[in-house]
> 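Quick one: structure below, then a few questions.
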There are 2 protein chains.
Amino acid sequence: MAVSSAGSRRRADAERNIARIVSAARELLSSDPNATTDDIARAAGVGRMTLYGHFRTRAELVEAAFVDALRAGERVLSSIDQTGDAREVMTRLLASSWQLVAESAALLTAAEGVLPAGRVRELHADPVRRMTELVRRGQDQGVFRTDLPTSWLVSVVHYILHGAAGEVRAGRLPSHDAADMVTKSVQSVLTG
Amino acid sequence: MAVSSAGSRRRADAERNIARIVSAARELLSSDPNATTDDIARAAGVGRMTLYGHFRTRAELVEAAFVDALRAGERVLSSIDQTGDAREVMTRLLASSWQLVAESAALLTAAEGVLPAGRVRELHADPVRRMTELVRRGQDQGVFRTDLPTSWLVSVVHYILHGAAGEVRAGRLPSHDAADMVTKSVQSVLTG
DNA sequence: CACATCTCGTACATGAGAGTACGAGTTAGC
DNA sequence: GCTAACTCGTACTCTCATGTACGAGATGTG
């Protein structure tokens with residue numbers, strides 16, 4: 001997060017620059033978890049020193065980018081139409097969020113490499129919980145398998161998501177095909 | 001690979017040290033893709049200078065470790081009983097190799113970060129080809145789904161494998177449960 | 001318009017890791 | 001047991017990224 005927490009108000013240009021930096025960090029770290037502060041500052045169109053004016057350390061910046069991505073994810077998750085059985089909800093969810101989740105794979109790696117152990121899990125406990133609830137609901141409704149633990153099924157969904165992202169990034173899978181393949185594959189695993 | 005390629009013969013102790021170094025590299029890089037040459041030399045029980053006597057650069061060492069892991073994988077793949085339909089073969093294959101493939105996930109990351117682009121795919125073209133053939137055979141036999149491309153199915157198998165490895169490493173999944181979950185999940189995706 | 005806030009270049013300190021140079025000591029193999 | 005091959009410690013250079021120090025100039029805001 002930015003240095004000045006709540007006490008004093010920030011100037012508008014500072015606010016704008018912070019947003020730019022976080023956004024650039026999200027973008028760069030999502031394709032290269034080792035992007036340097038210099039890379040990020042440059043991509044944000046600000047000097048490196050400006051960046052350090054807002055984020056004391058690289059770790060602080062990575063966390064800010066990660067939190068930003070999580071917030072975007074939360075926005076999507078909470079806007080999903082929850083009617084119908086769990087299969088339908090899952091399909092809708094994947095259709096509208098697979099790209100987002102997938103893009104953050106490398107960002108997650110970056111966060112894990114830099115943040116104190118456990119902090120990462122702590123930060124995205126919320127989205128994981130929501131996904132877990134959806135899967136469990138499906139199991140309770142009898143539309144998702146119960147011979148595998150809920151937590152494992154949730155994990156597999158993540159792996160498929162991240163994998164698809166990798167394929168797309170590497171240019172081996174056209175982006176518009178990905179959603180369909182992800183959905184079909186996930187549905188198979190969940191229904192057994 | 002080692003510096004002296006084919007021309008002159010190596011002394012027995014040198015040969016032994018090379019084996020130790022490669023083995024240590026495989027082990028360390030499999031849990032930390034950023035392990036340093038110093039870490040590896042130390043783990044191999046040799047001086048750093050000995051290591052540099054056999055591998056000019058870190059990249060050369062990483063490649064050697066990667067190739068070594070691939071060879072071990074090939075040995076497993078080629079010893080699998082190929083009788084029965086593709087589902088049975090796949091089950092046998094996963095049972096006896098998931099750990100191996102899984103362990104090499106981080107090693108693969110290390111290789112990708114250090115080797116020239118494309119070199120990695122080039123190196124493990126063989127195992128990928130074998131797995132692809134197995135999946136295609138299943139599709140031809142009518143036991144695996146055909147509504148998703150072969151290459152995508154192969155990829156998903158890899159993701160599930162690597163994901164399981166991550167869970168085991170993180171201590172969230174007991175190692176002896178993993179094989180079963182991987183097998184069930186993969187079977188679901190492949191049969192639709 | 002005054003001034004606190006913000007920008008950002010240059011320069012520097014630090015630390016980590018790769019790879020090199022040298023050379024004395026050890027060991028395998030004929 | 002002689003010799004070439006090998007080991008490996010010390011010490012060095014290079015490069016790269018993080019983070020700090022200083023300070024002059026630009027700009028938003030009351």
Side-chain angles (χ1 to χ4, degrees), chain A residues 1-25 28-29 31-65 106 109-111 113-116, chain B residues 1-25 28-29 31-65 106 109-111 113-116:
Chain A
M1 320 264 164
V3 165
S4 57
S5 41
S8 54
R9 226 166 256 171
R10 261 190 302 265
R11 243 168 59 176
D13 55 347
E15 205 86 49
R16 199 176 52 234
N17 277 334
I18 290 172
R20 274 188 181 186
I21 292 169
V22 171
S23 162
L28 286 199
L29 293 172
S31 66
D32 175 14
N34 296 316
T36 69
T37 52
D38 195 54
D39 294 336
I40 294 169
R42 200 182 306 273
V46 304
R48 201 165 67 95
M49 303 332 294
T50 302
L51 189 156
Y52 273 105
H54 295 298
F55 303 91
R56 269 193 248 281
T57 67
R58 187 174 183 282
E60 215 170 79
L61 173 56
V62 171
E63 176 162 336
T109 305
V114 144
L115 267 39
Chain B
M1 304 292 191
V3 165
S4 58
S5 40
S8 56
R9 224 167 256 171
R10 260 190 301 265
R11 246 169 56 177
D13 56 347
E15 206 85 49
R16 199 177 53 235
N17 277 333
I18 290 173
R20 273 188 182 186
I21 292 169
V22 170
S23 161
L28 286 199
L29 293 172
S31 67
D32 175 14
N34 296 316
T36 69
T37 52
D38 196 54
D39 295 336
I40 294 169
R42 201 183 305 274
V46 304
R48 201 165 67 96
M49 303 331 294
T50 302
L51 189 155
Y52 273 106
H54 295 299
F55 303 90
R56 271 193 246 279
T57 66
R58 186 172 183 282
E60 216 170 78
L61 174 56
V62 171
E63 175 163 335
T109 304
V114 144
L115 266 40

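Residue numbers begin at 1 in each chain, while the letters A, B, ... track the order of the sequences.
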> So, for A:A110 and A:P33, which heavy atoms are closest and what is the spacing to 0.1 Å?
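Looks like CB-O, 3.6 Å.
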> Can you name the nearest heavy-atom pair linking A:A43 to A:L28, along with the distance?
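In this case the closest contact between A:A43 and A:L28 is CB-CD1, 3.9 Å.
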> Dump every N/O contact between nucleotides 13-20 of chain D and the protein below 3.5 Å, one line per pair.
residue: D:dT18; atom: OP1; partner: A:T37; partner atom: N; Å: 3.1
residue: D:dT18; atom: OP1; partner: A:R58; partner atom: NE; Å: 3.1
residue: D:dT18; atom: OP2; partner: A:T37; partner atom: OG1; Å: 3.0
residue: D:dG19; atom: OP2; partner: A:R58; partner atom: N; Å: 2.7
residue: D:dG19; atom: N7; partner: A:R48; partner atom: NH1; Å: 3.2
residue: D:dG19; atom: O6; partner: A:R48; partner atom: NH2; Å: 3.0

> Rounded to the nearest 0.5 Å, how far does CG of A:D39 lie from CZ of A:R48?
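Interatomic distance, A:R48 CZ to A:D39 CG, rounded to 0.5 Å: 11.0 Å.
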> Under 3.5 Å, is there a donor-acceptor pair between the side chain of B:N17 and the main chain of B:A14?
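Side chain of B:N17 to backbone of B:A14: no pair is present.
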> Rounded to the nearest 0.5 Å, what separation is found between the CD1 atom of B:I40 and the CG atom of B:L29?
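Output value for this atom pair is 4.5 Å.
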> Return no unless some side-chain N or O of B:N17 is found under 4.0 Å from OP1 or OP2 of D:dC6.
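No, because none of the side-chain N or O atoms of B:N17 sits under 4.0 Å from OP1 or OP2 of D:dC6.
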> Is A:H54 close enough to C:dC6 that one of its side-chain N or O atoms is under 4.0 Å from OP1 or OP2 there?
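For C:dC6, OP1/OP2 do not have a side-chain N/O of A:H54 under 4.0 Å.
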> Taking all non-hydrogen atoms of both residues, which atom of B:S31 and which atom of B:A106 are closest, and how far apart?
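Shortest heavy-atom separation between B:S31 and B:A106 comes out as N-CB, 4.3 Å.
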> Could you run down nucleotides 24-30 of chain C 5' to 3' and tag each one B, S or - for protein heavy-atom contact under 4.0 Å?
---BSS-
> Could you state the atom-to-atom distance from CD of B:E60 to P of C:dT20 in whole Å?
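Atom CD in B:E60 sits about 11 Å away from atom P in C:dT20.
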> What is the distance from atom CG of A:D13 to atom CD of A:E15, rounded to the nearest 0.5 Å?
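That separation rounds to 9.5 Å.
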> In whole Å, what is the span from the CD atom of A:E15 to the C1' atom of D:dG28?
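Rounded to whole Å, this separation is 13 Å.
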> CG of B:L115 to CD of B:E60: how many Å apart, nearest 0.5 Å?
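These two atoms lie 10.5 Å from each other.
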> Pull out every stem in DNA chain D, meaning runs of 3 or more consecutive Watson-Crick or G-U wobble pairs with both distances under 3.5 Å.
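Result, WC/G-U stems under 3.5 Å: C:1-30 with D:1-30.
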> Rounded to whole angstrom units, what separation is found between the CZ atom of A:R20 and the P atom of C:dC6?
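The distance from CZ of A:R20 to P of C:dC6 comes to 16 Å, rounded to the nearest Å.
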> Considering non-hydrogen atoms only, spot the tightest contact between A:A65 and A:A25 and give its length.
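Here A:A65 and A:A25 meet closest at CB-CB, 3.9 Å.
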> Once you round to the nearest 0.5 Å, how far does CZ of A:R42 lie from OG1 of A:T37?
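One gets 10.0 Å once the value is rounded to the nearest 0.5 Å.
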> Which whole-number value in Å describes the distance from B:F55 CZ to D:dC6 C1'?
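Distance, rounded to whole Å: 15 Å.
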> What distance do A:L51 atom CG and A:R58 atom CZ have between them, rounded to the nearest 0.5 Å?
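Going from CG on A:L51 over to CZ on A:R58, the span is 10.5 Å.
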